Visitor: 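Please read through the structure below; I'll follow up with questions.
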Amino acid sequence: MTNPAIAAVFAQIADLLEFQGTNPFRIRAYRNAARTIEDLPESLADIADDENRSLTDIESIGKDLAAKIVELLQSGSLSILDDLLAEVPESVLAILRVPGLGPKRAAALYNELNVTTLDELRRVCESQLVRQLKGFGAKTEQAILQGLELAAESQQRILWAQADVHVQAILAHLYQCDTIERLQPAGSFRRGKETVGDLDFLAVACDCGSAMDHFAAYADTAKVLLRGETKMSIRLSDGLQVDLRVVPAESFGAALQYFTGSKAHNIVLRGKAKARELKINEYGVFRGGSEKPVAGHTEEEVYAALDLPCFPPELREARREFDWADSGELPRLVETQDIRGDLHVHSTWSDGVGTIEEIAEAARKHGLKYVAITDHSKRLTIANGLDSARLRRQWAEIDRLNRRLKGFTVLKGVEVDILERGGLDLDDDVLAEADWVVAAVHYGQNQSREQITRRVIEALENPCVCAIAHPTGRKLMQRKAYEIDLDAVLAAAGKNGKMMELNAHPIRLDLDDVGCAAAKNHGVPVVIATDSHRVDELGMMRYGVQQARRGGLTAADVANTRSWAKMKKMIGKS
DNA sequence: GCCGTTTTCGGCCCGACTGTTTTCAGTCG
């Protein structure tokens, strides 16, 4: 059983226990464990098999949960889950997902009105049975009906890059408000998560009321969801929820820290504050019962009050950042300016729209020193993939161009297909002439885990291959990753001195953050590359860098922060 | 159910907003 599957079981148990109203801390223990397992860069099966290690060494896994993991690994099922499902119909969990309905109300609806499905929920609301329950009223009934509609619209998350468009537009609008003195987006957007569920803005304003009036007047506002003295939520026409919090200037740092999260990071932080007899909230850090904060103006100040460094937002996920801080090993994360070359770009020779010369010019404008032209190989007929003859003609053109270019190098590359039956789409003799070869799975994505893993490992064992492009094939919110044993692939990459691509396209971001951390564990250098098909896509590099930062990568961990001469040595091409 | 520089028992983050109440429970982030 894989880590994600085990994490899903624990998350489901947490949901079921929540519905039953058991001890909230027991529920949290299951949730914490699920999250830890999702983030774990190694497979639980491997740790369980290793005689020298124990599952209980993993944070938030104790004796009890370790035994449950073993039960899952050995039998594929878990008795406590079967018991819970016998008591609570699985369909009621959908009710918990309706906005405005938590465990208490969902349980009341189930116990008093026998509601087990969303359809039944709608029916009892429409027939006004809900308002007769204790603690419910007409407004709650209406709110549930609206929540049901919202759930039906399948409130999706959006890509970080799409969220960025909203953020810039909302910032521009809010900056026009005279009473707003400071402004900053927070939440998962600031942490650079690959997808974003809602947007949070934080402001200092001399007049809360006018700031919120201005916010509500945003052109794309579809509805004001709630409005209090300092907090307001709106929904945009596309369904995205946007929150604005107005705080006093002396609390801005504390509020920024608080609303940047993550929730799990904040819980750990609060625990640490408590151990020092400090209290931390969105208004500041307080000692004892004192109302005068010891910190709050800036985030640096807030963290410093707890003897902690000001963590880059991308690391605030309660993964390893606190351990790193304790041991003084907080990594200095890679930055976009560190990147010297782009190693995955398509030209008009296959399915790109820019000529090689246009790409070189654009890359130079992005401050890069080299770019690899990596058009598709012939198997990708739909993309006008190149056979060895066309590839050699293309490389002759690149040679001619390089003679004219000063201080910039175009690399002769190719994105060679890993064929369904195994093996590569081009012969070794032509691949050996390339500067840079990325191998990629495009066909046979529905094959078994064993088949796909074997194909990719075989590609890694080919001396001509430098890296694997978009290693899991996922497309965010469109297509799941194909079945692949990433751990085995990374081990093979490490053994063969190969690299892994972090594809920077905002819909791929593949490797993901956990995958980046896993690559680092295996000593495998990561190459951040845009997979541009148009010259204006070269700017997507920053999305990839952001993902690498979330994975805790430094400039040294990212191969293409080096000059091409040094990269060449790393891949044994010189 | 986890965890321990105060602890193997007794803690486990904290505040805003809404609706249903008439002082607070439930939900959310």
Side-chain angles (χ1 to χ4, degrees), chain A residues 10 13-14 17-18 21-36 55-69 80 95-109 130-144 146-147 150 155 186-191 196-202 208 212 224-233 241-247 251 254-255 257-286 306-307 318 326:
Chain A
F10 285 171
I13 290 174
L17 289 174
E18 183 166 44
T22 30
N23 175 1
F25 299 107
R26 186 169 168 229
I27 298 163
R28 184 194 285 178
Y30 276 100
R31 290 244 157 83
N32 283 343
R35 212 181 54 83
T36 305
L55 289 167
T56 55
D57 293 340
I58 303 169
E59 173 105 20
S60 72
I61 305 292
K63 220 172 103 189
D64 193 282
L65 289 180
K68 290 188 168 72
I69 291 171
I80 183 185
I95 297 170
L96 280 176
R97 312 244 186 289
V98 176
L101 283 184
K104 294 277 160 55
R105 285 179 181 155
L109 290 164
V130 173
R131 63 180 65 183
Q132 294 163 25
L133 296 180
K134 190 175 185 315
F136 289 79
K139 282 197 168 178
T140 309
E141 203 173 67
Q142 278 310 109
I144 295 172
Q146 283 187 6
L150 216 63
Q155 269 282 318
S188 56
F189 175 81
R190 183 164 180 245
R191 299 200 310 279
V196 172
D198 61 12
L199 297 177
D200 302 284
F201 289 88
L202 199 62
C208 281
M212 290 206 261
V224 175
L225 297 173
L226 62 86
R227 177 175 177 156
E229 278 177 39
T230 64
K231 180 179 172 176
M232 181 160 168
S233 295
Q241 184 176 326
V242 188
D243 298 344
L244 175 70
R245 278 290 286 261
V246 184
V247 297
S251 300
Q257 192 290 314
Y258 182 88
F259 289 109
T260 297
S262 64
K263 194 172 174 177
H265 175 91
N266 285 355
I267 287 174
V268 175
L269 205 65
R270 259 142 254 279
K272 287 186 179 288
K274 204 155 193 176
R276 288 159 192 270
E277 295 187 337
L278 295 169
K279 190 180 79 165
I280 172 168
N281 58 29
E282 59 259 60
Y283 298 107
V285 183
F286 301 85
L306 301 168
D307 292 322
D326 283 346

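To find a chain, count down the sequence lines: A is the first, B the second, and so on, and within it residues start at 1. Predicted model, so just to flag it, every value in this text is computed and none were measured. When reading the values below, keep in mind they use all heavy atoms of this one structure, side chains included, and skip hydrogens, waters and symmetry mates.
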Visitor: Which part of the nucleic acid, if any, lies within reach of A:Y258 when heavy atoms closer than 4.0 Å are counted: base, sugar-phosphate only, or nothing?
Guide: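 Base: the residue A:Y258, judged by heavy atoms under 4.0 Å, touches a nucleobase.
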
Visitor: Can you tell if the side chain of A:R26 reaches within under 4.5 Å of the side chain of A:L17, non-hydrogen atoms only?
Guide: yes

Visitor: Determine the Euclidean distance between corresponding P atoms of B:dG11 and B:dT6; express it in Å to zero decimal places.
Guide: 16 Å

Visitor: Rounding to the closest angstrom, what is the interatomic distance between B:dT5 and B:dG1 at atom C1'?
Guide: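 Pairwise C1' distance, B:dT5 against B:dG1, rounds to 24 Å.
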
Visitor: For B:dC17 versus B:dT23, give the span between their P atoms, rounded off to a whole number of Å.
Guide: 23 Å

Visitor: Any side-chain heavy-atom pair from A:E229 and A:C208 closer than 4.5 angstrom?
Guide: no

Visitor: Regarding A:I280, tell me which of base, sugar-phosphate or nothing describes its non-hydrogen contacts under 4.0 Å with the strands shown.
Guide: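 Here A:I280 touches the backbone only, sparing every base.
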
Visitor: Do A:D307 and A:R276 make a side-chain contact, defined as non-hydrogen atoms from C-beta onward lying under 4.5 Å apart?
Guide: yes

Visitor: Regarding A:K272, tell me which of base, sugar-phosphate or nothing describes its non-hydrogen contacts under 4.0 Å with the strands shown.
Guide: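 The residue A:K272 makes no contact with any strand.
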
Visitor: Any strand is fair game: report the nucleotide pairing with B:dC12 by Watson-Crick or G-U wobble, both distances under 3.5 Å, or none.
Guide: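 B:dG1 - that is the nucleotide pairing with B:dC12, both distances being under 3.5 Å.
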
Visitor: Do A:F10 and A:K68 make a side-chain contact, defined as non-hydrogen atoms from C-beta onward lying under 4.5 Å apart?
Guide: yes

Visitor: Assign each of A:R28 and A:Y283 to its nearest nucleotide of DNA chain B by heavy atoms, then name whichever residue's nucleotide is nearer the 5' end.
Guide: A:R28

Visitor: Using a heavy-atom cut-off of under 4.0 Å over every strand shown, decide if A:L101 touches base, sugar-phosphate, or nothing.
Guide: sugar-phosphate

Visitor: Considering only atom C1', compute the distance from B:dG26 to B:dT21 and round it to an integer number of Å.
Guide: 13 Å

Visitor: Taking B:dC9 as the reference, what is the distance to B:dG15 when you measure between their C1' atoms (whole Å, please)?
Guide: 29 Å

Visitor: Under 4.0 Å, counting only non-hydrogen atoms across every strand here, what does A:K263 touch: a base, just sugar-phosphate, or nothing?
Guide: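 Base, at least one base atom sits under 4.0 Å.
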
Visitor: Remember a base hit wins even if backbone is also touched, and classify A:T230 as base, sugar-phosphate or nothing at under 4.0 Å, heavy atoms.
Guide: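 It contacts sugar-phosphate atoms only.
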
Visitor: Using a heavy-atom cut-off of 4.0 Å across all strands, would you classify A:P103 as base, sugar-phosphate, or nothing?
Guide: sugar-phosphate

Visitor: Heavy atoms under 4.0 Å, any strand shown: does A:N281 hit a base, just sugar-phosphate, or nothing?
Guide: sugar-phosphate

Visitor: Do the non-hydrogen side-chain atoms of A:L65 and A:Y30 ever get within less than 4.5 Å of each other?
Guide: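 Result yes, sub-4.5 Å side-chain heavy-atom pair found.
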
Visitor: Nearest 0.5 angstrom please: A:R190 CZ to A:S262 OG, how far?
Guide: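 Reported value, rounded in 0.5 Å steps: 12.5 Å.
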
Visitor: Regarding A:Q257 and A:N266, do their side chains bring together a donor and an acceptor under 3.5 Å, going by distance alone?
Guide: yes

Visitor: On a whole-Å scale, what distance lies between the P atoms belonging to B:dA25 and B:dT20?
Guide: 16 Å

Visitor: Using a heavy-atom cut-off of under 4.0 Å over every strand shown, decide if A:K134 touches base, sugar-phosphate, or nothing.
Guide: nothing

Visitor: Using chain A heavy atoms and a threshold of under 4.0 Å, write down where along DNA chain B the contacts begin and end, 5' to 3'.
Guide: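 Footprint of chain A along DNA chain B, 5' to 3': B:dG1 to B:dG29.
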
Visitor: State, yes or no, whether a side-chain contact exists between A:T22 and A:I27 at a heavy-atom distance under 4.5 Å.
Guide: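 The answer is yes, as the side chains (C-beta and beyond) meet within the 4.5 Å cut-off.
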
Visitor: Between B:dC12 and B:dT18, how far is it from one C1' atom to the other, in whole Å?
Guide: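 Taking atom C1' in both B:dC12 and B:dT18, they lie 27 Å apart.
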
Visitor: Mapping A:G228 and A:K139 to their closest nucleotides on DNA chain B, which lands nearer the 5' end?
Guide: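 Checking each residue's closest nucleotide, the 5'-ward one belongs to A:G228.
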
Visitor: Checking all strands, does A:N23 fall into the base, sugar-phosphate, or nothing category for heavy-atom contacts under 4.0 angstrom?
Guide: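 Base: the residue A:N23, judged by heavy atoms under 4.0 Å, touches a nucleobase.
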
Visitor: Quantified in whole Å, what is the C1' atom distance between nucleotide B:dG29 and nucleotide B:dC13?
Guide: 12 Å

Visitor: Regarding A:A66, tell me which of base, sugar-phosphate or nothing describes its non-hydrogen contacts under 4.0 Å with the strands shown.
Guide: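 Answer is nothing: A:A66 stays at 4.0 Å or more from every strand.
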
